Participant: 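I'd like to ask some things about the structure below.
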Amino acid sequence: EETLKIGALVTLSGAGSSWGQGMLRAAELAAEDVNKDGGLKVGDTSYKVQVIPYDDSYKANEAVTAANRLVFEDKVKYIIGTVGSAPILAIQPITEENKVITMTLGFTAEALSAEKPYTFRPNPTTAEVAQPQIDWIVANKGIKTVGALFPKDETGQAIAKDVGQAYANAGAELSAVEFFERDRVDFIPLLTRIVAQGVDAIELDGNSPVTAGQIVQQARDIGFEGVIIRTGGPATQDIVNVAGKEATEGMFVHSAYDPGVETAAAYEKRYTETYKDQMNGFSPFFYDGTKMLFKAMQDAGTVEDTDAVKTALENLKDYDGVLGTLNWTGAERYGIAHQLDSPFYIARVEDGSEVIVAKCTSQGCE
Amino acid sequence: MSNDLSIRNLTVNYGPVRALHDVSFDVPEGRIAALVGSNGAGKSTVLKAICGMVDPVSGTIQVGGETVPSKPGAALRRGVALSPEGRRLFPALSVEENLFMGAYTVSNRKARDEMLERVYGYFPRLKERKRQAAGSLSGGEQQMCAIGRALMAQPRVLLLDEPSLGIAPIIVAELGRIIAQISQSLGMTVLLVEQNAQMALSLASTGIVLETGRVTLTGSGQDLLASPDIRAAYLGL
Amino acid sequence: MSFLIAQSIINGVILGTLYLMMAIGFTLAFGVMRIVNFAHGEFYMIGAFLTLIGVKWLGLPFPAALVVTVVMAILLGGLVERFVFRPFRADELSGMIASLGLAMILQHMALIIFGPDPQSFPSLVSGVYRLGDLIVPKSRALTLGAGVVILLAFYGFLMHTRMGRALRALVQDQEVASIYGVRLEIMYPLGLGLGVALAAVAGGLMAPLFGVSPFIGGTPLLKAFIVVILGGLGSIPGAALAAILLGLIESLTSSFVSASAADIVTFALVVVVLLVRPSGLMGRAEA
Amino acid sequence: MSAAVSKKTVPTVGASTFVYLVIAALIASVPWFTGNVFYFHVGIMVCLAAMATSGLAVIAWVGQLSLAHAAFVGLGAYTSVLLVTRLGLPFVVGLPAGALVAGAVAYLIGKPLLRLRGVYFVLITFALNELFRLVMLEFPGVSGGSSGIAGVPKIELFGLVLAEQSQVYVFTLACLVAVTALLYLIRNGQLGRRFAAVEENPALAESSGTPTARTQNLAFVIGSSIAGFTGAIMAHYIGFISPETFGFQLSVSYVIILVTGGRLALWGPLVGAIFLTPLPEFLRGALEYQHIIYGVILIAVLRFLPQGLAGLSGQLTRLKGDRS
Amino acid sequence: MNSILNVEGLSKRFGGLAALSDVSFEVERGHISGIIGPNGAGKTTCFNLITGTLSATSGKVVFDGREITGLPPHQVVERGLARTFQAATTFPKATVRENILRGALLRHPLGLGSSLFGGAAAREAEAAGHASVEEVMRAVGLTEHADQIAGTLAYGHQKRLGVAIGLATRPSLLLLDEPAAGLNPEEVDRFGAILQDLKRDFNLTILIVEHHMRLIMKLCDHIVVLDHGEKIADGQPEDVRNDQKVIEAYLGAEHVE
Ligand SMILES: Nc1ncnc2c1ncn2[C@@H]1O[C@H](COP(=O)(O)OP(=O)(O)OP(=O)(O)O)[C@@H](O)[C@H]1O
Ligand SMILES: Nc1ncnc2c1ncn2[C@@H]1O[C@H](COP(=O)(O)OP(=O)(O)OP(=O)(O)O)[C@@H](O)[C@H]1O
Ligand SMILES: [Mg+2]
Ligand SMILES: [Mg+2]
């Protein structure tokens, strides 16, 4: 029996560690699955999968060092990570040149391109989900003007663009947009201004769960009574934790999975039982992503030849993951079909929990 | 008459350098002793050792018959207060706050305020400047504040390291009278380190001469003042 | 428009007071103990968690939880002084680096114990006070009131009591302070304990407003830095002035220009003030 | 009171210097012994950290501690990257330009800035570093904004592209040797004497004829230029820069290296970087505990080696001396 | 009169306090002049204003025929006007020799290039500097402490070191702020003699602040008396000594002979 090393280059310290932990644990659970059955069978060999976790602290420089170590010292061919956009851009020169397959969460559009054939993104970004979700909400709630606050970073700016476009397409207007510096905890001045413009709704996409929670709470504090929407990025539980049940009542959120879907609920249960911790919303994507990677290795019949594995991964169609039926998309947008396409949902928050109100695909919601 | 301050075989090193060799002397209760000697003789070192600011290699220090351990603060709790070399006021505190710091362990508020008035009486300039940050006082004003701070502790043994340094002549004369008065009317024992040996010895009942870390001569202040060697070496006469 | 201005000013003053609370423990450690305490934010975070534990796990009423937090924080501060800062009493720079090490330790310990996700904190009050059109959220008014009381008590202690004076004297010349009877072994831990307690109580008070997670320490540290620079080293009135100014700038620029302008304006102001008045708005000249 | 034991080292190229040089050469050749690319990478990071910290050390020699050092590293990085990517100039132009721009900016802001001393300087430089980051974010046209600039071309010396880590390592090592030599010359010349005078007692230095403001500014310019120089190399090696890269945390990490290495010692930056840069690699396996262990080690080093690691040999000699 | 220093209408306020008001005097070349006055009279402030350590509220300082008001201290020293401090002020971590050498740099400067890369000029400057240091150390009597760390010197020696650093800058006018504080009367006398020698050997003019009247009266050619920031007397030692205002404010009855 041989060992197959997989790197998990994720954020385990600092503000991004929620996501990082969710990704790492997804990889671990996926590894546990195959190891339990005597290892991953590729061709005639069984591989015991070993996950090597390294922390990048959400920093580009750290990520480069960790990537160097994974690629040259640990000699891994597969990396789950990174969480951040800057880190993935920083490590790509190493991973792409050495034909290391990476599965990143990084929301930046630049992460995927035809020149970067070894990078995949197993989770939808705002670009994928915004349009159908916003179309549905705008139509159903009769929204005309929307205010939004975005963090002033790569992700925030990218999302602002996507969301603004989506609202425009849906016939509403993102009429009041504010960018703020990270570390900000007080949004009352900004909200005062936004609310004074009489918006129908406030959009939370692009904000960390804590920030989103603070915005919800403070918006309600100053008497905002319109709709609050979180388009992308699953984080409902955290938002409720920060803002409280009262403030979040009636909020519309993006949900990555329907607890009614059995496999998804089972994954969440397994996660919470194994780690005694609530599940991060991105975790199931990376569980499925890792599993798809394994499948691709089996299809390619090799773990060494990442070109073959890459091609096999690209060729996976209608993969049956815990989240439902998964495919690769993105050829139009990114020039390469390395973007996961998965079903998702719109939920209404009632008494602190999500209640699914619509099921969506990248084509639309119902 | 008992000895209030008693130094026995005090030896102090600074790293490899020996600053004091076997220094012994006594100061009787309620009296003034003057410690004289040239630069680097070790006078300040004696005072620092008494207050626990340097660790002696050997020797004992007794105050009122009790041995003082070599620890900062220990001497104060046995009634010893020092006006240190170089003033060492708390520069950012006001003059009055500095004086109050002198009385840090005096719990009787009334006694403290009486002593404050007394100090202001001795040095009216301090009262004029009581809200000024001590660090911005003139050199002589700082010296007065440092002496006042030591007085505020209402010690039984008062150690003064060159109190007349930087003080104008008219106040130096006054200072002599003040020292004599606190020893007489307050009954404080005073150990006075002075370059102004004339003043110090004429006040002192005991004079101690220190040379390169050794006591070379002790005697009554008057005798020492009269000694030709002393006159030549320390009085410039 | 004039409504918006008035509302912005109210928001700014409230915010400024919150910032002052975030900063005041840092000012104490910095101006009085001469420790540039990079772990300040972590103590704030620990205070928030302690209060959370008190309220959610032990079921204490909020004020009681806050008191427990203060007591624990003083103890923690004392311990930290004893085991981390003690060797660096006379060495600002090493003390500063040690506090960086401490910050890493504390944050990651909290991360291991509590996990990275934010915790829910039951809100104390909801709703708003209305003065005509103007709005003051009740939760903030409450925090504000408690904060002002704590600040005044603390200021009185530091400036007008024997111990407060001893604390201030200590840092200027510990040797002389100790020969006048100030007990270093008590005063140093006490001083740091107070600084930690102030940070912790701010954390506890603001937990219902801003949430609790291992990473909430960044903001108070940043604000504390700015407040201290602007206000002047160790000057509490200066800190108060600076904090209110900071709150107003943030509120007014956010409301009338843009949020990112607020930050640039803030930092530019810091630089300008320091160039014109190197010791801060109300600082003493010596550094 | 053992604070008074430091001494001005009189330059003697004796046996001990030779021993140090041999040790340094041995350490420098570790990556070749292993032949592993990763070790070359760590070696490069050590060199870069040591260089940047050397710049910080020069500023520390006049008694000032800058928390804006990362901003100057950033200035060098951006200057070089922009020249190379936008104007198509070669790296050999970008590199000195990076140093020059960082130095020029230091010169311009140095005069008003250096009136502040001690903790005030620390704090204002902290504010400046933040300001740098915010301003860079505000002008995405120049800086790439928060997305940064990816795909920075590799280091190229007169047509030779340093594609391999081992080549980059040789280059950074050479740069480090040059920077260290510069520090050595400064320290042992008249300039070093002036720096020390300003550090120990600026009022007296000024009153005995040393223009303290100009001297401090000179140190600031030299130190910041070294930072800019390092930044240029760093940018082209890592291949990605963004304003976040040059945040306050990077400044702090240089300060940590300097203080643990030995603030006033010539070898401080080097020793500190050799110790601290690879340290996380030893701890990486400990995952969430790694930062805790790092913090503990940091505090322990400060506690037991108040002169920094570079003071270690002196401390050992003293220990031996005490015993015998 | 051939004056090297002219002080004209110098004033300094600290908030509400007039530390120095409208003080004018002259210092004659080759003389030893003194400033005396009670504590807090403004003597040190006056020095600080002359040397540029503080900026004057109003008034003018002319040195060697050129106005130096508002110049930074290092430029003032460069023109040949050095000062010592009232408190013991040294480079505490360096040896006595190194301390003095730092003062001597001023007269043996090197360009950036030769400072960095040595060369004959650097070696020469270094040697000249060292020679000058030895001379100064001998003059003030610190030779036996040459290699001691300044911070560990006894107080009196630290004060002498202060004078030595000032001397090392080779001034034509030296301002001494209580240089003999911390010396005993015998040493004060000796110090007086040293000053006379220095004046001759180094071709110095001296302006001295002191509370040792014996020294002042013996040494000075001319004395200025300050009180509460104002000049109350100005003249020959004998005149000043017998001036009633001076006796009342400063000398006290003891000094009337
Ligand atoms: N911290 C120290 N380290 C080393 N040597 C010291 C230290 N402090 C004092 N010394 C030395 O000890 C000796 C005695 O010093 P001390 O200060 O007691 O002299 P002093 O009699 O008070 O002189 P002065 O009249 O000048 O104040 C001196 O030779 C001095 O150099
Ligand atoms: N920064 C300051 N702020 C306020 N007052 C000051 C400041 N500096 C000096 N003073 C005051 O100005 C007056 C003059 O001080 P100065 O130091 O010139 O006196 P001096 O004549 O040198 O006295 P001494 O003989 O005691 O040294 C003093 O009363 C002092 O308290
Ligand atoms: Mg002495
Ligand atoms: Mg004076």
Side-chain angles (χ1 to χ4, degrees), chain C residues 30-31 34-36 38-39 83-88 90-109 111-112 116 175 221-222 225-226 228-230 232-234 260-276 278-280 283 286-287, chain D residues 1 3 60 63 65 67-68 109 111-135 137-138 248-249 252-253 255-260 263-264 286-308:
Chain C
F30 180 50
R34 283 296 165 93
I35 300 171
V36 179
F38 277 98
F83 292 105
V84 179
F85 289 113
R86 170 178 261 191
F88 315 120
D91 182 352
E92 281 171 31
L93 204 60
S94 297
M96 178 173 113
I97 311 287
S99 80
L100 282 164
L102 183 66
M104 283 181 211
I105 295 173
L106 292 177
Q107 186 183 106
H108 289 94
M109 275 182 9
L111 185 59
I112 290 170
E175 196 177 34
L221 182 66
L222 188 73
F225 256 90
I226 298 172
V228 166
I229 303 176
L230 267 181
L233 180 88
S260 52
D263 293 293
I264 293 202
V265 170
T266 305
F267 279 100
L269 180 83
V270 165
V271 173
V272 169
V273 164
L274 279 198
L275 294 181
V276 179
S279 49
E286 50 96 34
Chain D
M1 281 266 289
L65 192 77
L67 275 183
I109 64 172
K111 198 167 174 198
L113 210 59
L114 286 154
R115 289 189 311 173
L116 303 170
R117 290 195 64 80
V119 270
Y120 277 108
F121 186 79
V122 174
L123 291 177
I124 196 174
T125 47
F126 161 82
L128 268 179
N129 205 127
E130 277 295 290
L131 200 61
F132 170 78
R133 196 176 61 82
L134 292 172
V135 169
L137 284 175
E138 202 67 2
F248 146 78
Q249 297 216 342
V252 165
S253 73
V255 171
I256 292 180
I257 291 176
L258 180 65
V259 175
T260 42
R263 179 159 44 114
L264 296 175
L287 279 188
E288 56 257 84
Y289 291 95
Q290 67 169 311
H291 299 275
I292 297 182
I293 301 172
Y294 186 90
V296 170
I297 292 178
L298 193 62
I299 293 175
V301 168
L302 291 169
R303 168 72 186 80
F304 296 106
L305 299 172
Q307 315 278 325

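Model, not experiment: these values are computed from the prediction. In what follows, chains carry the letters A, B, and so on, assigned in the order in which the sequence lines appear, proteins first and then strands, with residues in each chain numbered from 1.
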Participant: Identify which part of D/Leu114 has an atom lying under 4.5 Å from any heavy atom of chain C, answering side chain, backbone, both or neither.
Facilitator: neither
Participant: For C/Ile97 and D/Val255, which heavy atoms make the closest approach, and how far apart are they?
Facilitator: CD1-CG1, 3.4 Å
Participant: Output the option from D/Leu298, D/Ile124, D/Leu113 having the highest count of non-hydrogen pairs under 4.5 Å with chain C.
Facilitator: D/Ile124
Participant: What pair of heavy atoms forms the shortest contact from C/Met109 to D/Ile292, and how long is it?
Facilitator: CG-CD1, 3.4 Å
Participant: Describe, in one word, how the ring planes of C/His108 and D/His291 are oriented to each other, choosing from parallel (under 30°), tilted (30 to 60°) and perpendicular (over 60°).
Facilitator: parallel
Participant: Does D/Gln249, at its CD atom, have more than 12 non-hydrogen atoms belonging to other residues, nucleotides or ligands within less than 6.0 Å?
Facilitator: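 It does not: D/Gln249 CD has 12 such atoms or fewer within range.
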Participant: Would you mind checking which part of C/Ile264 comes under 4.5 Å of any heavy atom in chain D, side chain (CB onward), backbone (N, CA, C, O), both or neither?
Facilitator: both
Participant: I'd like to know which of D/Val296, D/Val259, D/Ile299, D/Leu137 tops the heavy-atom pair count under 4.5 Å against chain C.
Facilitator: D/Ile299
Participant: Please determine, among C/Val270, C/Val228, C/Leu222, C/Val36, the option with the most heavy-atom pairs under 4.5 Å with chain D.
Facilitator: C/Leu222
Participant: For the pair D/Val135 and C/Phe267, evaluate side-chain contact (heavy atoms from CB on, under 4.5 Å) and give the outcome as yes or no after the intermediate values.
Facilitator: CA-CA 10 Å; D/Val135 169; C/Phe267 279 100; over 6 Å; no
Participant: Please round to the nearest 0.5 Å and tell me the distance separating atom CZ of C/Arg86 and atom CZ of D/Arg303.
Facilitator: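 One finds 9.5 Å between CZ of C/Arg86 and CZ of D/Arg303.
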Participant: Atom CD1 in D/Ile256, atom CE in C/Met104: separation rounded to 0.5 Å?
Facilitator: 4.5 Å
Participant: When rounded to the nearest 0.5 angstrom, what distance separates CG in D/Leu131 from CG in C/Leu269?
Facilitator: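 Rounded to the nearest 0.5 Å, the CG-CG separation comes out at 11.0 Å.
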Participant: When rounded to the nearest 0.5 angstrom, what distance separates CZ in C/Phe38 from CZ in D/Phe248?
Facilitator: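 Between atom CZ of C/Phe38 and atom CZ of D/Phe248 there are 4.0 Å.
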Participant: Would you give the length of the straight line joining atom CZ of C/Phe88 to atom CG of D/Leu302, rounded to the nearest 0.5 angstrom?
Facilitator: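 The distance works out to 4.5 Å.
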Participant: Which atoms of D/Glu138 are under 4.5 Å from chain C, going by heavy atoms: the side chain, the backbone, both sets, or neither?
Facilitator: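 Answer is side chain: those atoms of D/Glu138 sit under 4.5 Å from chain C.
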